[in-house]
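As structure tokens, the structure follows; a few thoughts come after it.
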Amino acid sequence: MMSDNKSSVGSFDNDSSVVTVEDAINADIVKKKLLADNNLLQVLTHIDPLAILSKLAHIRIDEQKQYSYNYSLIEQIDQWERNSIEIIQEKAKDCREIVIKSSQPYINDIKKKFNNLNEQIKQFHSENDFNEINLIYLRNRLIKITQALNNSLNIYIQEDSKSFINEIAIISEKKPKFNKWKQDAITVAGGNLAGQKLNQFNCPAGIFIDKKKNIFIVDCANHRVVEWKYNTTEVQIIAGGNGKGNRMNQLNYPQGIIVDRLGQIYVADSGNSRIMRWCEGKEEGEVIVGGNQRHQLHGCHDLSFEDEGNLYVVDLLNYRIVKFEII
């Protein structure tokens, strides 16, 4: 009787198909959910269950293929890691043995010298001959042995630029994705015809955008640099703006600009053939290169810094790019 109950609960015969207890429970839950929403039930009645099962099967197969492929790659990486560790450990073991083997004669020699010194001390003690000369001799001998002990062996580690393990890299066959941009641009600064007002430009020649998305703009023919705060209408002159000239608070047709992480502004002051630095809040700048001799810079047009801090300048009218090394 117990066997019949298990059979009747555990499975149902329906066109030779078998439904488990879990399927029956899941089916009952689905049925209750569908009955709670007649609209959803009406939609589902028009769906071909065979088509859904076929789609799910294909998705499952694709997932398993991808998992199997990725798992194979991970296994290869793990094996490479194990092999590399074994090679490194073996190399380290060999190096340790070389150091120990090379050090042993040196250590033995130091031991021998200490033993000889000890024998001499015993001899002096037995003969009761500890005079000043002997004491000085013993002390000097001890100093020399100690210095020899403290001095390192004439061996060192030499790093080979060639790797003794096989290096690996992951190569993706996916084609690189190139960015695309919308073709309908929006005006974020200026756009109010040429002029000298703060919301106007006269031949803007260069821009720099910092991490806060503030825009620094070289307003060339107005001989100034202005900053437009991100997402606001706030504009301020941060360099120049005192007419065309060569004083420390003036610019002469500036071109390129860079702002460093400290907020210091570097401007290619083209008409004055100099690179100027303006610190935040200062009314005057300072010349860091150029500005004195035409052969040094002539019409500097743009500038850039490398990671080491060296300065590169487009020396327009000398037809060259020059590098100023940081001190």
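Remember, predicted model here, so these are calculated numbers, not experimental data.
Ring-plane geometry between Tyr253 and His223 is classed as perpendicular, the angle between the planes exceeding 60 degrees on a 0 to 90 degree scale with a lower cut at 30.
To the nearest 0.5 Å, atoms CD1 (Ile238) and CG (Asn214) are separated by 9.5 Å.
Ile275 places a side-chain heavy atom less than 4.5 Å from the side chain of Val313. Side-chain contact between Leu316 and Cys300 is absent, with no heavy-atom pair separated by less than 4.5 Å. Looking at Ile258 and Leu303, their side chains come closer than 4.5 Å, going by heavy atoms from C-beta outward. Residues Phe208 and Ile215 fail the side-chain proximity criterion, which asks for heavy atoms closer than 4.5 Å.
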Apply the test side-chain contact (heavy atoms from CB on, under 4.5 Å) to residues Glu283 and Trp278: give CA-CA distance (whole Å), side-chain angles for both, the deciding distance (0.1 Å), then the verdict. CA-CA 8 Å; Glu283 294 183 0; Trp278 296 68; over 6 Å; no
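With salt bridges taken as basic N to acidic carboxylate O contacts below 4.0 Å, one links Lys229 and Glu227. Salt-bridge annotation for Asp78 and Arg82: absent, with no side-chain N of the basic residue lying under 4.0 Å from a carboxylate O of the acidic one.
The shortest heavy-atom contact between Glu308 and Ile326 is O-CG2, 3.7 Å.
For the side-chain contact (heavy atoms from CB on, under 4.5 Å) with Asn246, the qualifying choice from Asn272, Asn252, Leu251 is Asn272, the only one to do so.
Side chains of Asn115 and Glu119: no donor on one and acceptor on the other come within 3.5 Å.
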